[in-house]
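Note sheet for the following structure.
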Amino acid sequence: MIVGLVEEGRVHLGGDSAGISGCRLTVRKDPKVFRNGPYALGFSGSFRMGQLLHHAFKAPKPKGDGLHRFMTTRFVDKLRACLKEAGWARKESEQEKAGTFLVGIHGRLFIVYDDYQVAEPADGYAAVGCGNQFALGALHTLATANLAARERLTAALAAASHHSTDVCAPFTYATAPSVSELLELKALRQQDATLPGQRQPADTAERSDAR
């Protein structure tokens, strides 16, 4: 299960470690939440899809205004191509199907559903996967509490773990930087590039957490 919320221009995600197959539960070491460039991603459902999102998906970087339009077009187009190339995408009644996951980018939280529709929750928080109802209740209750984002995510995950047999610790977390933080990173890279003997590979700073 994945939970996410927006706080002070940053998107924070948290995930559990349960791998479910019928009545069998496996505590997975590979995380359900991670960074990929400027994005924070967290998936529910197939771990294969999550591995592709983490290691194979070359997510395009947003440019200019219209972030929701970008997510529903360029982002989804690249996602579909990645999943199809890796042999994971499937069709049901001639309609393409994928999986459900959360995306944090530029201080905004999105849900990508299995039919590739992109939703942005007005509440500023979301939960997907097994036990999401319990987590959503906790996030709603704690929305006005004087707690840090990590504490609220942990409480939501703990509530789902307590009430759902398909959710378990340990919990992992990932944060998508704010727009201002990304601009600072870009300025630092440009500054380093102007210094002799200080050449830096493109996207090194942004993609370091996604490997």
Side-chain angles (χ1 to χ4, degrees), residues 1-6 10-17 19-20 28 30-122 124-130 132 172-179 181-182 185-186 202-211:
M1 192 198 71
I2 307 300
V3 293
L5 59 85
V6 180
R10 307 174 86 199
V11 179
H12 304 267
L13 302 183
D16 78 319
S17 297
I20 305 299
R28 299 283 295 240
D30 41 333
K32 296 181 183 180
V33 295
F34 40 81
R35 281 280 303 279
N36 183 334
Y39 297 87
L41 300 168
F43 69 93
S44 64
S46 167
F47 273 84
R48 176 56 179 161
M49 183 193 71
Q51 290 161 0
L52 294 173
L53 288 175
H54 194 175
H55 302 294
F57 181 39
K58 292 180 173 56
K61 297 178 184 177
K63 293 182 179 179
D65 298 327
L67 184 56
H68 193 273
R69 177 183 175 87
F70 166 84
M71 291 295 298
T72 60
T73 54
R74 288 195 61 213
F75 183 90
V76 165
D77 288 345
K78 288 283 187 180
L79 172 66
R80 290 177 57 217
C82 173
L83 298 181
K84 289 172 69 173
E85 183 178 348
W88 189 84
R90 64 191 190 279
K91 278 192 174 183
E92 292 181 9
S93 302
E94 296 306 310
Q95 181 181 11
E96 285 188 26
K97 293 287 186 179
T100 301
F101 58 95
L102 298 185
V103 183
I105 180 67
H106 288 190
R108 293 168 67 177
L109 175 65
F110 298 95
I111 309 169
V112 180
Y113 289 100
D114 63 356
D115 63 351
Y116 294 109
Q117 68 158 297
V118 178
E120 184 173 12
Y125 60 79
V128 296
C130 298
N132 70 83
T172 56
Y173 305 88
T175 298
S178 65
V179 175
E181 288 172 324
L182 289 171
L185 283 173
K186 183 177 180 180
D203 294 338
T204 297
E206 287 187 358
R207 297 192 64 87
S208 59
D209 291 335
R211 295 180 181 177

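What's counted below: heavy atoms across the whole structure, side chains too, no hydrogens, waters or symmetry copies.
- Atom NE2 of H68 sits about 6.0 Å away from atom OG1 of T72, to the nearest 0.5 Å.
- Within the 4.5 Å cutoff, no side-chain heavy atoms of K32 are placed close to those of F101.
- Between Y39 and F75 there is a side-chain heavy-atom pair separated by less than 4.5 Å.
- Atom CD of E96 sits in a crowded spot, with more than 12 heavy atoms from other residues, nucleotides or ligands closer than 6.0 Å.
- Counting all heavy atoms, side chain and backbone alike, I105 lies closest to L67 at O-CD2, 3.9 Å.
- Atom CG in D16 sits 10.0 Å away from atom OG in S44 (nearest 0.5 Å).
- Taking CZ from R48 and CG from L53, the interatomic distance works out to 10.5 Å, rounded to the nearest 0.5 Å.
- A side-chain contact (heavy atoms from CB on, under 4.5 Å) with I111 holds for exactly one of V118, I2, L102, V103; it is L102.
- For the atom pair NZ of K61 and NE2 of H106, the computed distance is 9.5 Å after rounding to the nearest 0.5 Å.
- Of all non-hydrogen atoms in M71 and V76, the two that sit nearest each other are O-CG2, 3.1 Å.
- In this structure the side chain of V128 never reaches within 4.5 angstrom of the side chain of M1, judged on heavy atoms.
- The neighbour count for R90 CZ, taken as heavy atoms of other residues, nucleotides or ligands under 6.0 Å away, is above 12.
- Between atom CG of residue D30 and atom NE2 of residue H55 there is a gap of 8.0 Å, rounded to the nearest 0.5 Å.
- When all heavy atoms of P60 and F70 are compared, the pair lying nearest together is O-CZ, 3.4 Å.
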(request) Test F57 against K78 for side-chain contact (heavy atoms from CB on, under 4.5 Å), laying out the working first. (result) CA-CA 8 Å; F57 181 39; K78 288 283 187 180; 3.8 Å; yes
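- Considering all non-hydrogen atoms of both residues, P38 and A176 come closest at O-CB, 3.8 Å.
- If you take NZ on K97 and CG on L83, they are separated by 14.0 Å, rounding to the nearest 0.5 Å.
- Contact of the Y125 side chain with the V3 side chain is not registered, since no non-hydrogen atoms from C-beta on lie closer than 4.5 Å.
- Of all non-hydrogen atoms in G42 and V33, the two that sit nearest each other are CA-CG1, 3.8 Å.
- Contact record, M49 with A98: SD-C, 4.4 Å, taken as the closest heavy-atom pair.
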(request) Could you walk me through whether H54 and L41 pass side-chain contact (heavy atoms from CB on, under 4.5 Å), step by step? (result) CA-CA 8 Å; H54 194 175; L41 300 168; over 6 Å; no
